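The sequence lines fix the lettering, A, B, ..., with proteins before strands; numbering per chain opens at 1. On a predicted model such as this, the values are computed, not experimentally measured, just so you know.
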Amino acid sequence: MPSLQAARSLLGVRLVHHTAAGRRSGRIVEVEAYIGTEDQASHARFGRTNRNAVMFGPAGRAYVYLVYGMYDCLNVVTETAGHPAALLIRAVEPVDGTDQMRDARLARALRRAGATAATAERIRRLPVHALATGPGLVTAALGIDRSDNERDLCDPQSPLRLEVRPANERAPLVVATPRIGIGYAAEPWRSHAWRFIDASSPTVSGRDTAGGC
DNA sequence: GCAAAGATTTGCT
DNA sequence: GCAAATCTTTGCC
């Protein structure tokens with residue numbers, strides 16, 4: 001399936017993680033597409049490297065990388081083998097295991113140097129819908145890290161997997177906008193509306209949700 | 001080998 | 001609203 005179509009289809013899908021602590025899951029409400037070696041915002045722009053190798057493999061696998069030396073980001077690989085592409089999951093609306101997500105957010109935040117009591121208090125007061133509003137926060141809340149790289153997200157037996165949107169659930173209101181945090185990329189890649197959000201969800205990261213189609 | 005930058009988040013001015 | 005925190009990957013000498 002083409003990556004932009006896959007990105008739209010991913011909205012509303014459940015991201016599920018089973019650990020010793022139990023089941024955590026969330027409804028995907030924000031994704032970004034990174035497509036091909038020509039995309040000057042993609043990790044694949046320098047060709048195949050040790051880090052991005054999984055992007056060159058078959059669709060449905062997890063690509064997890066460390067960004068800014070601090071946060072892990074989760075992607076779903078798309079396109080056929082040999083065509084590097086992935087969808088960055090930027091936000092999910094928590095469904096199952098919300099207490100566990102809050103605990104994980106707290107534990108992660110307090111590990112940081114310079115962490116303050118005010119930060120811990122802020123996380124304790126966060127509404128459930130704001131527990132995973134950002135790519136680094138999705139992995140923090142769900143307990144995903146680089147050891148999950150290359151996992152098959154389409155395998156129903158996998159501890160980290162995708163599950164289809166429940167049939168009785170409302171369909172997402174899909175809006176497309178430019179991608180976030182890629183100011184280093186040249187045009188036209190910087191301006192492509194390859195970020196997709198469910199505009200009907202209270203859970204969306206970033207500020208500019210307007211200007212889409 | 002070394003320097004620089006990065007698909008982010010938090011804290012302080 | 002800006003800069004720090006933090007470390008892997010990439011590019012160049």
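Heavy-atom contacts from other residues, nucleotides or ligands closer than 6.0 Å to NE2 of A:H83 number 12 or fewer.
Contact annotation for A:L66: backbone-only contact, meaning every heavy-atom pair under 4.0 Å involves sugar-phosphate atoms and none involves a base. Using a 4.0 Å heavy-atom distance criterion, A:F46 is classed as a sugar-phosphate-only contact. As judged by a 4.0 angstrom heavy-atom cut-off over every strand, A:A41 is placed among the base-contacting residues. Within 4.0 Å (heavy atoms only), A:R105 reaches sugar-phosphate atoms of the nucleic acid but no base atom. Within the 4.0 angstrom heavy-atom criterion, base atoms lie near A:N75. Looking at heavy-atom distances under 4.0 Å, A:R146 makes contact with sugar-phosphate atoms alone, never a base.
Among all heavy-atom pairs drawn from A:A44 and A:M55, the shortest one is CB-CE, 4.2 Å. The two residues A:V13 and A:E163 make their nearest non-hydrogen contact at CG1-O, 3.2 Å.
Nearer the 5' end of DNA chain B, as judged by each residue's closest nucleotide, is the contact made by A:L88, out of A:L88 and A:T116. Position along DNA chain C of the nearest nucleotide to A:Y71 versus A:H43 favours A:Y71 as the more 5'-ward residue.
Among the nucleotides C:dT10, C:dA5, B:dG6, the one closest to any side-chain atom of A:R51 is C:dT10. Side chain of A:M70, nearest nucleotide from C:dT10, B:dT10, C:dT6: C:dT6. When distances run from any side-chain atom of A:P135 to the nucleotides B:dT9, C:dT6, B:dA7, the shortest one goes to B:dT9.
At whole-Å resolution of the value, CD1 in A:I197 and C1' in B:dA7 are 17 Å apart. What separates CG of A:L137 from C1' of B:dA7 is a distance of 14 Å, to the nearest Å. A:L110 places its CG atom 14 Å from the C1' atom of B:dT9, with the value rounded to the nearest Å. Per the geometry, OH belonging to A:Y63 stands 9 Å off P belonging to B:dA7, to the nearest Å. Here B:dA7 presents its P atom at 12 Å from CG of A:N52, a figure rounded to the nearest Å. For the pair A:R195 CZ and B:dT8 P, the computed distance is 11 Å after rounding to whole Å.
Under the 3.5 Å distance criterion, the side-chain polar atoms of A:E32 are matched with a main-chain donor or acceptor of A:I180.
Applying the 4.0 Å criterion to OP1 and OP2 of B:dT8, one finds that A:R90 has a side-chain N or O inside that range.
Ring pair A:W194/A:H192 is parallel by interplanar angle, where below 30° counts as parallel and above 60° as perpendicular.
With both ends at atom C1', the span from B:dA7 to C:dG1 equals 22 Å, rounded to whole Å. For C:dT6 and B:dC2, the P atoms lie 22 Å apart once the distance is rounded to whole Å.
Nucleotide C:dT6 has no partner under the Watson-Crick or G-U criteria, as no pair reaches both atom distances under 3.5 Å.
B:dA7 has A:Y34 stacked on its base ring, the centres lying under 5.5 angstrom apart and the planes within 30 degrees of parallel.
Taking the ring centroids of A:Y34 and A:H43, they lie at or beyond the 6.0 Å cut-off.
Interface remark: the A:Y68 side chain does not form any donor-acceptor pair with the C:dA5 base, using a distance-only criterion of under 3.5 Å.
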